[in-house]
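Counting starts at 1 for both ligands and their atoms, in listed order. For reference, positions follow the sequence shown, starting with 1. Being a predicted model, the structure only gives us computed values, none of them experimental.
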Amino acid sequence: MLVTGGAGFIGSNFIRHILTKYPHYSIINLDKLTYAGNLENLKDFEFNPNYKFVKGDILNSELVEHIAQDVDIIVHFAAETHVDRSVLDPFSFVRTNVLGTHVLLEAARKLGNKRFHHISTDEVFGSLPLEETHRSFHEETPYDPKSPYSSSKAAADHLVRAYHHTFGLPITISNCSNNYGPYQFPEKFIPLFITNLLEEKKVPLYGDGKNVRDWIHVADHSAAVDRIIHDGRIGHTYVVGANCEKSNFEITKLIVNCLGFGEEMIEYVKDRPGHDRRYSVRPHKIQAELGWNPQMNFDDGIKKTIQWYIDNPDWWRRVKSGEYLEYYDRWYNKR
Ligand code: NAD
Ligand code: TYD
């Protein structure tokens, strides 16, 4: 299996899931090691004979064609992933998410139509109004991406489907909701808030704090991708989520209280431009067709996640320095 972006948050959790469940599988992890890639995430697999890391860019077609020659499947996680960064620097999102996906599709085609699974997001469907609680995203929802991040992911999804229809490439796509769990880079909402509080800093809640996201533990996402790559229908898309909608305020309060603080630690800051109001996904297809169901309830998952950041200060203190601090200054000064 060639996994792209396996040194990031979800990719590294997925590789751990696969090599633990199927120890006889071999994985090549191709990752450029951007600010978000971290080899420490898979340090315990460093000497596993079935795991090989290759540092490289998915836009390097020669390299991709070379390492994909003998694989049975490409599972494509590599991407620029943070919406706030896509506001500051949209080009890198188009480059990696659109052009990079295209390079991988071409390699898969040239190498005799390799099986290809594309990891995407529910953000391609746009934003739902808070009050229309009966509405959720599903496989037939029209695309309506709103941010440079989600538009670049939407463009990639279209290319993946086009390669199936035009060249018969055996693809599947998953559009998953917001993930949380261990090894998530602390620029994203949940790990940022946990680590800020562990540093006794306030947490920056955007706008009125009423935006809603649909949360899934990364282990449940990994299990969903496992089911799709093994038994998913070729050419099909699966929407993935754990039926767990929460407002940002609710989650903030939970984290703040869990770490022994009160609401004085919440700082309401200027909203993200174009901030999507609500995401909600209906994962009926994957549940009915592939028998997948989320196993982690949010209360347990968030407690375990908070505990993971308490137990791994070296991991997050190192990544929350250098380049990260520069980005943070740029983000808050530019807005
Ligand atoms: P992440 O930012 O933690 O990791 C991305 C990884 O991709 C990093 O290791 C980085 O080094 C690598 N990468 C970036 N550009 C590259 C390039 N040009 N060549 C090779 N490697 C490159 O992201 P994540 O949160 O783990 O997300 C993984 C995938 O899942 C993405 O495709 C994302 O769109 C999708 N997704 C994420 C979420 C979420 O909540 N985080 C939800 C749904 C879907
Ligand atoms: P994020 O983790 O960036 O994921 P996405 O925007 O892709 O859903 O943000 C999750 C929610 O948290 C989103 O509504 C924006 C909000 N948020 C804040 O309120 N403050 C922050 O500092 C960050 C990073 C996010």
Tell me the contacting part of [X] for ligand 1: side chain, backbone, both, or neither, using a 4.0 Å heavy-atom threshold, strictly below.
X      : result
His82  : neither
Thr81  : side chain
Asp122 : neither

For the [atom1] atom of [X] and the [atom2] atom of [Y], what is their distance to the nearest 0.5 Å?
X      : Y      : atom1 : atom2 : answer
Ser127 : Arg277 : OG    : CZ    : 8.5 Å
Arg213 : Ser280 : CZ    : OG    : 11.5 Å
Asn41  : Asn13  : CG    : CG    : 8.0 Å

Could you list which atoms of ligand 1 come closer than 4.0 Å to a heavy atom of [X]?
X      : value
Gly37  : 8 (C), 9 (O), 11 (O)
Asp57  : 17 (C), 18 (N), 19 (N)
Gly56  : 19 (N), 20 (C)
Lys153 : 31 (C), 32 (O), 33 (C), 34 (O)
Phe77  : 28 (C), 29 (C), 31 (C), 32 (O)
Ser177 : 42 (C), 43 (C)
Lys32  : 16 (C), 17 (C), 18 (N), 19 (N), 20 (C), 21 (N), 22 (C)
Ser120 : 43 (C), 44 (C)

Please report which non-hydrogen protein atom sits nearest to [atom], along with the residue it belongs to and the distance in Å to one decimal place.
atom                    : value
atom 26 (O) of ligand 1 : Ile10 N, 2.7 Å
atom 9 (O) of ligand 1  : Asp31 OD2, 2.6 Å
atom 40 (O) of ligand 1 : Asn179 N, 2.9 Å
atom 19 (N) of ligand 1 : Ile58 N, 3.0 Å
atom 33 (C) of ligand 1 : Tyr149 OH, 3.5 Å
atom 25 (O) of ligand 1 : Phe9 CD2, 3.7 Å
atom 5 (C) of ligand 1  : Ala79 O, 3.5 Å
atom 43 (C) of ligand 1 : Cys176 O, 3.3 Å

Between [X] and [Y], does the ring centre distance come in under 6.0 Å?
X      : Y      : result
Tyr143 : His158 : yes
Phe298 : Tyr180 : yes
Phe53  : Phe45  : no
His138 : Phe125 : no

Tell me the residues surrounding ligand 2, counting only those with a heavy atom closer than 4.0 angstrom, sorted by chain and number.
His82, Val83, Asp84, Glu123, Asn178, Glu187, Lys188, Phe189, Leu192, Phe193, Pro204, Leu205, Tyr206, Asn211, Arg213, Asn248, Arg272, His275, Tyr279
Just to verify, which of Tyr35, Phe9, Tyr327, Tyr309 counts as forming a ring pair (Phe, Tyr, Trp, His ring centres under 6.0 Å) with Phe185?
Tyr35
Of Trp308, Trp316, Phe14, which meets ring pair (Phe, Tyr, Trp, His ring centres under 6.0 Å) against Tyr183?
Trp308
Report the residue from Val281, Thr141, Asp122, Ile286 that forms a side chain to side chain contact (heavy atoms under 4.5 Å, CB included) with Val239.
Val281
Under 6.0 Å from the six-membered ring centre of Tyr238 and within 45° of its axis: does the NZ or CZ of Arg227 meet both?
no
Would you indicate whether the side-chain heavy atoms of [Y] and [X] approach each other to under 4.5 Å?
X      : Y      : result
Val3   : Phe77  : yes
Glu80  : Tyr149 : no
Ile173 : Arg161 : yes
Lys110 : Glu65  : yes
His217 : Pro182 : yes

Which of Lys210, Arg278, Arg135 passes salt bridge (Lys or Arg N to Asp or Glu O under 4.0 Å) with Glu245? Answer is Arg278
Should Asn38 be counted as touching ligand 1, given the test is an N or O pair under 3.5 Å?
no
Taking N or O atoms only and a 3.5 Å limit, does Thr96 qualify as a polar contact for ligand 1?
yes
Quick test of your reading of the structure: of Gly8, Ala78, Gly6, whose heavy atom lies closest to atom 7 (O) of ligand 1?
Ala78
Would you please determine whether Ile119 falls within less than 4.0 Å of ligand 1 on a heavy-atom basis?
yes
